[in-house]
Amino acid sequence: MKDVDTTQVYPRDPRKTYGLMELVKGTRPTVGLDEDTVYAWPHLLVRELVIFLVVAACLLGAAFLIDAPLEEIANPNSPPNPAKAPWYFLGLQELVSYSAFVGGVLVPTVIVLGLMLVPYIDRKRVGIGVWFARERWLANGLFLTFLVVMVILIIIGMYFRGPNWGFVLPWEATTGH
Amino acid sequence: MQAPTPTPDKRTAVGMFFESVYRSIFRYGRLPRDGEGASYAVFNSLFLHIHPVKVAKHSLRFTYTFGLGVIATCLFVFLTFTGVWLMFYYFPSATEAYGRMLDLRSAVDFGFVLRNVHKWAAEAMVFFVVLHMARVFFTGAYKPPREFNWIIGIILLLLTLGLSFTGYLLPWDQLAFWAITVGTSIAGYAPVVGEPLRRFLLGSDSVGQEALIRFYVLHVVILPGLLSIFLAVHFWRIRKDGGLSHPADNDTPAIKE
């Protein structure tokens, strides 16, 4: 950069903590030029647009192929057996069937508080920016176990629970009213 | 630095007028062709508030994020559009609501598509928000300085579940009625606060008209409003925390990729 003009065009104002450092000739921003970066337009915005369109296409495809469920009109006098919560709460409902306190209070509280505390407990700055970094085997292992257990509980609640929350095999399931 | 101004030429007055209107909206003319133009394109647009002018190549790699956060955001956008559209047909009344569902199937043009898109986008949003959280965890992206954005993320997950749960009741069919009866009874198991919380949600002892109007207001105003605010903070913090997580954020020399 031999043609950099180093004369002080704007003398530093002692009241300010910042100032104009120098004037550089050029046609574009030179900050971080040698970093491993690209322009947000088009590289990032085009990718986001593509994802947006793919999501739109998938939703429309699903909407034409599969109808959202609609049962008979709500009847407070005719409870289905079993009555099931939405799928994402079925893990909790499965736990509630063993203990109302564990499934309804203890586990949800521990999950939410535990998740919120994670970044304040696990503060060591290693393994960032890499999938399944070897240094993070314990944290990743614990979280993976948590996810797998939740998925298993949800699958049990969805497919293996019949009348009176008894165990049924999915291919033998009948929903009583 | 200044955006290049168009050189005066032989355009007509009408052409100049449209040019000035166009310039008032898109301050930097046409699609950018060089680095300077690309900078201005972001710098002079709404997207500056979401994206920096330049982003790390690492954060653009599809196999790093799988676009999960963007997908979840897109789903929220589609849910907002289809949700507002559905509001033209829906009536939050225990005697009316179910009939409106039947109307969407038969009487409203493409009503079934509208309802189906809303339903599947809602299920997908819960799914993709959880996947996004898993991605952030497995890449260690919650570590300093991004601790607080992880917490905002947990709040967004809870709001997503709340939106899905409150929406579940609105069709007022057997599935809706009993799922909400079971779901709110789980909330009722908490000691001391459980029963008052359940009654507060339902507005009554059991699921009925009071519950329907409460769930409706939560579903169409309060929860989407809160989610939008937290989403804005979530995006803003991504930029303030230096973009997506990156091996350069490690204290130790970057891990070989």
Side-chain angles (χ1 to χ4, degrees), chain A residues 27-29 32 36-41 43-45 47-48 51-52 55-56 59-60 62-64 67-76 79-80 83-86 88-89 92-93 96 100-101 103-105 112 115-116 118-120 123 125-133 136 140 143 147, chain B residues 32 35-36 38-39 41-42 47 51-57 60 67 70-71 74-75 78 98 101 113 115-117 119-121 126 134 137-140 142-144 147 150-151 154 161 165 168 171-179 181-183 186 189-190 245-247 249-252 255:
Chain A
T27 56
R28 55 184 186 156
D36 207 10
T37 57
V38 290
Y39 286 101
W41 170 267
H43 299 278
L44 176 55
L45 288 173
R47 278 170 170 81
E48 287 175 343
I51 289 181
F52 184 85
V55 170
L59 283 178
L60 271 180
F64 274 100
D67 269 329
L70 185 68
E71 295 187 355
E72 292 150 49
I73 188 167
N75 181 353
K84 291 187 178 181
Y88 40 85
F89 286 153
L92 295 180
Q93 194 181 355
V96 163
F101 178 76
V105 185
V112 172
L115 285 176
M116 286 194 170
V118 158
Y120 298 96
R123 299 184 60 81
R125 289 167 74 150
V126 290
I128 304 175
V130 192
W131 277 88
F132 298 108
R136 288 178 30 77
N140 284 337
F143 193 73
L147 286 183
Chain B
E36 187 184 18
S39 308
V42 173
F47 294 106
H51 298 310
V53 168
K54 299 191 91 184
V55 288
K57 275 184 192 162
L60 288 180
V70 177
I71 292 174
C74 291
L75 289 168
F78 288 121
Y98 186 74
M101 291 300 117
V113 178
R115 176 165 178 259
N116 290 353
V117 168
K119 169 74 179 176
W120 300 132
V126 174
F137 194 98
F138 292 132
T139 55
Y142 57 79
K143 297 194 171 217
E147 310 101 302
W150 167 265
I151 292 197
I154 305 289
L161 291 177
F165 188 65
Y168 217 89
W172 204 252
D173 62 344
Q174 280 286 77
L175 196 65
F177 186 91
W178 292 102
T181 302
V182 171
I186 294 179
Y189 293 130
S245 53
H246 191 279
D249 297 326
N250 289 301
D251 281 336
T252 46
I255 292 152

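Quick note on labels: first sequence line is chain A, next is B, and so on, each numbered from 1.
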How many angstroms lie between CG in A:L115 and CD1 in B:I151, if you round to the nearest 0.5 Å?
10.0 Å

Answer key: most heavy-atom pairs under 4.5 Å with chain B among A:V118, A:I73, A:I51, A:V96 is A:I73

Between B:A190 and chain A, which part of the residue has a heavy atom less than 4.5 Å away: side chain, backbone, both or neither?
both

When rounded to the nearest 0.5 angstrom, what distance separates CG in B:L161 from CZ in A:F89?
5.0 Å

When rounded to the nearest 0.5 angstrom, what distance separates CG in A:L92 from CD1 in B:I186?
5.5 Å

With sequence neighbours left out, write down each residue that passes salt bridge (charged side-chain N to carboxylate O under 4.0 Å, His left out) with B:E147, or none if nothing qualifies.
A:R123

Would you mind telling me which of A:A83, A:A68, A:A100 has the largest number of heavy-atom pairs within less than 4.5 Å of chain B?
A:A68

If you count heavy-atom pairs under 4.5 Å between each of A:A62, A:A63, A:G104 and chain B, which one has the most?
A:A63

Does the B:D173 side chain pair with the main chain of A:A74, one donor and one acceptor, at a distance under 3.5 Å?
no

Identify which part of B:W150 has an atom lying under 4.5 Å from any heavy atom of chain A, answering side chain, backbone, both or neither.
side chain

Turns out that what part of A:L70 lies under 4.5 Å from chain B's heavy atoms comes down to both

Determine the option with the most heavy-atom pairs under 4.5 angstrom with chain B, choosing from A:L147, A:N140, A:L45.
A:N140

Region of B:F78 that comes under 4.5 Å of a non-hydrogen atom in chain A
side chain

Which heavy atom in B:W120 sits nearest to a heavy atom in A:D67, and how many Å separate them?
CZ2-O, 3.5 Å

Comparing B:G183, B:A134, B:A56 against chain A, the one with the most heavy-atom pairs below 4.5 Å turns out to be B:A56

Heavy-atom pairs under 4.5 Å with chain B - which of A:V38, A:V55, A:V105 has more of them than the others?
A:V38

Should A:L60 and B:V117 be marked as a side-chain contact (heavy atoms from CB on, under 4.5 Å) after you check the CA-CA gap, both sets of side-chain angles, and the distance that decides it?
CA-CA 6 Å; A:L60 271 180; B:V117 168; 4.3 Å; yes

Sequence-distant partners of A:V112, side-chain contact (heavy atoms from CB on, under 4.5 Å), two or more places apart:
A:M116, B:L158

With a 4.5 Å limit on heavy-atom distance, are the side chains of A:E71 and B:P171 in contact?
no

I need the minimum non-hydrogen distance between B:P52 and A:A40, along with the two atoms involved.
O-CB, 3.0 Å

Using every non-hydrogen atom in the two residues, find where A:G127 and B:N250 come nearest and quote the distance to one decimal.
N-OD1, 3.0 Å

B:V182 and A:Q93, any side-chain heavy atoms less than 4.5 Å apart:
yes

Taking it one step at a time, do A:I128 and B:H246 satisfy side-chain contact (heavy atoms from CB on, under 4.5 Å)?
CA-CA 6 Å; A:I128 304 175; B:H246 191 279; over 6 Å; no

Which value, rounded to the nearest 0.5 Å, describes the distance between A:N75 atom CG and B:Q174 atom CD?
5.5 Å

Bottom line for A:F52: the part with an atom under 4.5 Å from chain B's heavy atoms is both

Taken to the nearest 0.5 Å, the spacing of B:K57 NZ from A:L44 CG works out to 14.5 Å

Out of curiosity, A:F132 CZ to B:F138 CZ, how far, rounded to the nearest 0.5 Å?
4.5 Å

Chain A heavy atoms under 4.5 Å from B:Y189: which part of the residue, side chain, backbone, both or neither?
both

Kindly confirm or rule out a cation-pi arrangement of A:R136 over B:F137, judged by NZ or CZ under 6.0 Å from the six-membered ring centre and within 45° of its axis?
yes

